[in-house]
Amino acid sequence: MNRRGLTLHRAALGLAGVTGLVYAAMLASLLRDGWPLLSWRFLLGLPRELEAGGGVAPEILNTFSMVMMAMAVIAPLGLAVAVQRVEYGRDVWWTRELDRWSRVFLSVPGIVVGLVAYRVLVAELGWPVSILTGTVALAVLNWPFVAVSAGDALAGVPESLREGSLALGTTRWQTWLFAVLPEALPSLVNGLGLAAARMIGESAALIFTAGVNVSPHWGLAAPGETLAVHLWYIRTEGLMPDATGQAAATGIVLLGLVIALLWASQRLALWLERRH
Amino acid sequence: MTAHSRRLRTDRRQQVLLGAAAGLYAAVGLGVLLMLLVSSGPLLLRVGVWQALLGVHWNPLAGQFGLVPFMSGTLLVTALAILLALPLAMALAVVGARVLRGTGPSLMTRGLTVLAAVPSVIYGWWGLTTVVPVVRRWSGGPGFSLASAGIVLALMILPTLAVLFQDALTRVPPTWQEGSLALGATDDQTLVRLIWPAARANLFRAMLVAVARALGETMAVQMVIGGQTIWQLNLLRPGATLTTQILTDLAVFPPGTAGYRALAVMALLLMAGMYMLVRISERWERTP
Amino acid sequence: MSQPPAIRVADLSVWYGAQRALTGITLDVPAGQVLALIGASGCGKSTVLRALNRMIDRVPNVRWQGSAMVGDTDVLGPAVDVVALRRRVGMVFQQPNPFPFSVFDNVAYGPRLHGIKHPARLRKTVEDSLKQAALWDEVRGKLRRPARALSGGQQQRLCIARALAVKPQVLLMDEPTAALDPLSTAKIEELVRELKGRYTMVVVTHNLQQAARISDWTAFLEAGRLIESGQTGTIFTTPRDARTENYITGRYE
Ligand SMILES: Nc1ncnc2c1ncn2[C@@H]1O[C@H](COP(=O)(O)OP(=O)(O)OP(=O)(O)O)[C@@H](O)[C@H]1O
Ligand SMILES: [Mg+2]
């Protein structure tokens, strides 16, 4: 860079440094408050309402099971929508409208989905506030995200690849399976990793669908408080004396899960890309 | 020939399955919208749209459904968050795209990606333990305030905004930048006179994404905003937003009550906001 | 207008990291004349140009030795003000690179950088530059149109006008016609001949006929070394070095 005329760039560097410090302070205070409480007892124990020393084992289990179940539904369905739109899609008014609303629903607030799911599933259909209800809300909320990110991944595959394959006399489906999918797989994996991270952190859609309680017996109809909801609940309404620390420790577990998941999906994507 | 026709048949079957998936997808989306309309309709028809939207008093049990406190809270908090996040995100983007340029996806970019995925309750937790006390000490008020919500929200949208900004800046072709430097422009001048104008459509669309996130955020805001439903504009005092009010009142007003219908109107307003943002964003796609 | 300066490159070597791109280049261009740089791909022609306006500074880990005088200043010296230097030494690139602005704003970009705000003065500078670049007749009345809507040849002349608008003394052109059709190429060549005398120019080209048509002096590089340089007529008719002769007759060993 030139020596002259760098004032703005230097100021940017300074501001960026300060911003970095703010985030470092945030992580530091999370660790400071939560680290002392992290133990096997915390990870494997049951939560307690009124006294100190509770754990988050059911919340971890609920988070895992709900995210996995929702993922199992919307990964194939989201991919299907993406394939339909990108590979077979026609450009007519209703497909354009579908794409547009996909983008609108990309930023639908979780609480809005919670509001609707609460009425339809709980109030009208009489489902209990439970793991199953929460899973449905989670799936509805994140389906557009998977569909859009998968669509972007597929659209990133150059058209020449498709033409080359079709020219060999293969059908469109074969072309997609053997030429397009392998090429798009790394970005697909990345997108699914982000979707799962979003779901792990989701809370607004779950409070009225999966609830703020846990049951000692896991089941689809059992109440399904997740880690994120637990953090919110004890930090805003918790009565236990160590609520702040409990919340921070929950936050560390939550953050650890998100980072591990992102890291794993990025590694997988990288590995797929190299192998390809 | 038979093999080929069999393949074609599979192809058609896949197509039907894919079509069904897309149909279900559209149906779910339509269903959500319809439920919002059905839920809010009776109220809007009874008290009238304008009375619902323009009233300043919120007391559904007494038949007052004024949404102004929440709309104003949402707008204030979002505006504050964007104002705070914009310069910081631009600073991070300039560092990532120009100061550290050419070092591949840097540690900074990866850090920002992780921060963008940090669950909002963690930002809310930090807001409660740090931001609220700091605001309380500064202002002498309760600390739970529109300002606290704006600050927490700013930190939350900043990573996303910075990543998108950085992407927009790196998309400006290096040959244009060389052209500018070769005319005797300094790096600062190149940034201000060439790169920002050249990237402005993408920068603007990145900002719209951040606005959408800020509008829809619930948890982090609810934890620090104070939840006061009396309309007031002082940033240092408590308030409420559309999303936080749905969260706190959904427990009080179950489906079937007038209160629930009012909450559905709020949800509808949020969706209308998201729809408008998408329309604006589309317009900027075509004018680079 | 002030007299254009002479260029004297003495014993110039450049390294990109560990890779040596130029070895002991010595070259002279008399004031107001045109030097053509020829040689195979990767022999270091662009590196010579980019040393003269210090665009090589943009490459991380670049190092150099030797001197390059433009007039009285050694542009490779440690105390050189790079920004001021680039105003004196303009550059035109292989791919036309107009900014995504209007024709007017492209040409006005440089003058505005250097503090010219007065609309009438700006307009005059833009008009003069476009006339010098032989583009005025084609774009008059369309100055508000986006520059990227012009044809490739017009875009390249616009880039020349943009470079001229900051009133440089030296013009460096890196394969200015490589991306253009024959007609546009002819226009640019004509332009170079017209600008001769007012600017000292160094033009890189892969087109040997073009070098012969437009330049007063020619230098032939191979693998980062200067093989031969001299008056264009001499180089093309009676080259001293066998390698030069092979190159200009299209023979490779
Ligand atoms: N930024 C760079 N980093 C590392 N090496 C470089 C860089 N730019 C050029 N080189 C190397 O320096 C040598 C000279 O490059 P230069 O671009 O000057 O050649 P050239 O004669 O202009 O070639 P061409 O006719 O293809 O434009 C080449 O071997 C090239 O690989
Ligand atoms: Mg070159």
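Just so it is clear, the structure is predicted and the values come from calculations on it, not from any experiment. Chain letters run A, B, ... following the sequence lines, proteins first and then strands; every chain starts at 1.
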Colleague: For residues 11-24 of chain A, which residue pairs pass the side-chain hydrogen bond (donor to acceptor under 3.5 Å, both in side chains) check, not counting sequence neighbours?
Modeller: none
Colleague: Which heavy atom of B/Leu33 sits nearest to which heavy atom of A/Trp101, and what is that distance?
Modeller: CD1-CZ3, 3.8 Å
Colleague: Drop me the distance from B/Leu18's CG to A/Arg85's CZ, to the nearest 0.5 angstrom.
Modeller: 12.0 Å
Colleague: Need one label for A/Glu97: side chain, backbone, both or neither, based on atoms under 4.5 Å from any heavy atom in chain B.
Modeller: side chain
Colleague: Using a 4.5 angstrom heavy-atom cutoff, name the option from A/Trp176, A/Tyr88, A/Trp94, A/Phe208 with the most pairs to chain B.
Modeller: A/Phe208
Colleague: Which of the residues B/Ala117, B/Gly273, B/Ala212 is involved in the greatest number of heavy-atom pairs with chain A at under 4.5 angstrom?
Modeller: B/Ala117
Colleague: For the CG atom of B/Leu128 and the OG1 atom of A/Thr236, what is their distance to the nearest 0.5 Å?
Modeller: 8.0 Å
Colleague: A side-chain contact here means heavy atoms from C-beta on lying under 4.5 Å apart; do A/Leu115 and B/Leu36 qualify?
Modeller: yes
Colleague: Identify the two heavy atoms, one from A/Leu255 and one from B/Pro119, that lie closest to each other, and give their separation to 0.1 Å.
Modeller: CD1-CD, 4.4 Å
Colleague: Would you name the heavy atoms of A/Ala16 and B/Val95 that are closest together and state the gap between them?
Modeller: CB-CG2, 3.8 Å
Colleague: Which of the residues B/Gln14, B/Met35, B/Met274 is involved in the greatest number of heavy-atom pairs with chain A at under 4.5 angstrom?
Modeller: B/Gln14
Colleague: Which value, rounded to the nearest 0.5 Å, describes the distance between A/Ile111 atom CD1 and B/Gln245 atom CD?
Modeller: 11.0 Å
Colleague: Determine whether B/Leu155 and A/Val22 satisfy the following criterion, side-chain contact (heavy atoms from CB on, under 4.5 Å), listing intermediate values before the conclusion.
Modeller: CA-CA 9 Å; B/Leu155 281 173; A/Val22 171; 3.8 Å; yes
Colleague: For B/Leu270, which atoms come within 4.5 Å of any heavy atom of chain A: side chain, backbone, both, or neither?
Modeller: side chain
Colleague: So A/Leu231 and B/Met219, do their side chains get closer than 4.5 Å, heavy atoms only?
Modeller: no
Colleague: Going by atom types only, do B/Gln222 and A/Trp232 share a side-chain donor-acceptor pair under 3.5 Å?
Modeller: yes
Colleague: Relative to chain A, which of B/Val118, B/Leu215, B/Thr218 shows the most heavy atom pairs under 4.5 Å?
Modeller: B/Thr218
Colleague: Between chain B and each of A/Met26, A/Arg198, A/Arg103, count heavy-atom pairs under 4.5 Å; write down the option with the most.
Modeller: A/Met26
Colleague: Locate the shortest heavy-atom distance separating A/Pro109 from B/Gly216; write the atom from each residue and the value.
Modeller: CB-O, 3.4 Å
Colleague: Heavy-atom cut-off 4.5 Å, strictly under: side chain, backbone, both or neither for B/Ala264 against chain A?
Modeller: both
Colleague: So, taking the atom named OG1 in B/Thr113 and the one named CD in A/Gln266, what distance separates them when rounded to the nearest 0.5 Å?
Modeller: 6.5 Å
Colleague: Heavy-atom pairs under 4.5 Å with chain B - which of A/Ala247, A/Ala197, A/Ser203, A/Ala123 has more of them than the others?
Modeller: A/Ser203
Colleague: Do the non-hydrogen side-chain atoms of B/Pro255 and A/Glu124 ever get within less than 4.5 Å of each other?
Modeller: no
Colleague: Hey, which of B/Met276, B/Glu217, B/Met90, B/Arg279 has the most heavy atom pairs under 4.5 Å with chain A?
Modeller: B/Arg279
Colleague: Sort A/Pro144 into side chain, backbone, both or neither according to what part of it lies under 4.5 angstrom from a heavy atom of chain B.
Modeller: both
Colleague: About how many Å separate OG1 of B/Thr130 and CG of A/Leu30, when rounded to the nearest 0.5 Å?
Modeller: 10.0 Å
Colleague: I'd like to check B/Met271 versus A/Phe105 (side-chain heavy atoms, cut-off strictly below 4.5 Å). Are they in contact?
Modeller: yes
Colleague: Taking the side chain as everything from C-beta on, heavy atoms only, tell me whether B/Leu250 gets closer than 4.5 Å to A/Ile207.
Modeller: no
Colleague: What's the shortest heavy-atom distance between A/Val81 and B/Ala22, and which atoms?
Modeller: CG2-CA, 4.1 Å
Colleague: Relative to chain A, which segment of B/Val38 carries a heavy atom at a distance below 4.5 Å: side chain, backbone, both, or neither?
Modeller: both
Colleague: Please classify the contact between B/Leu24 and chain A as side chain, backbone, both or neither, with a heavy-atom cut-off of under 4.5 Å.
Modeller: both
Colleague: Tell me which of these, B/Ile122, B/Leu242, B/Leu263, has more heavy-atom pairs under 4.5 Å with chain A than the rest.
Modeller: B/Ile122
Colleague: Keeping the roles fixed (side chain from B/Tyr275, backbone from A/Arg100), state whether a donor-acceptor pair exists under 3.5 Å.
Modeller: no
Colleague: Measure distances from B/Val192 to the heavy atoms of chain A and classify the residue's part below 4.5 Å as side chain, backbone, both or neither.
Modeller: side chain
Colleague: Using 0.5 Å steps for rounding, measure from the CZ atom of A/Arg235 to the CE atom of B/Met223.
Modeller: 6.5 Å
Colleague: Do you know the tightest heavy-atom contact between B/Ala91 and A/Ala12?
Modeller: CB-O, 3.6 Å
Colleague: If you define the side chain from C-beta out and look only at heavy atoms, does anything of B/Trp125 sit under 4.5 Å from A/Ser29?
Modeller: yes
Colleague: Please state whether the side chain, the backbone, both or neither of A/Thr250 comes within less than 4.5 Å of a heavy atom of chain B.
Modeller: neither
Colleague: Given heavy-atom pairs under 4.5 angstrom as the criterion, report whether the side chain, backbone, both or neither of B/Val114 touches chain A.
Modeller: both
Colleague: Using a 4.5 Å cut-off on heavy atoms from C-beta on, say whether the side chain of A/His9 contacts that of B/Leu191.
Modeller: yes
Colleague: Select one option (side chain, backbone, both, neither) describing which atoms of B/Leu115 are under 4.5 Å from chain A's heavy atoms.
Modeller: side chain
Colleague: Is B/Tyr25 close to A/Leu77 at the side-chain level, that is, under 4.5 Å between some pair of heavy atoms?
Modeller: no
Colleague: Do you know which of A/Val83, A/Leu254, A/Leu98 has the most heavy-atom pairs under 4.5 Å to chain B?
Modeller: A/Leu254
Colleague: Which bit of B/Val28 is near chain A, if near means a heavy-atom gap under 4.5 Å: side chain, backbone, both or neither?
Modeller: side chain
Colleague: Side chain, backbone, both or neither: which part of A/Val120 has a heavy atom under 4.5 Å from chain B?
Modeller: side chain
Colleague: Given a strict heavy-atom distance threshold of 4.5 Å, which part of A/Ala248 is in contact with chain B: side chain, backbone, both, or neither?
Modeller: both
Colleague: Is B/Ala251 close to chain A through its backbone or its side chain, or both, or neither, when contacts mean heavy atoms under 4.5 Å?
Modeller: both
Colleague: Taking CZ in A/Arg96 as the centre, count heavy atoms belonging to other residues, nucleotides or ligands within less than 6.0 Å. Is the count above 12?
Modeller: yes
Colleague: Under a 4.5 Å heavy-atom cut-off, does chain A meet the side chain of B/Ser39, its backbone, both or neither?
Modeller: both
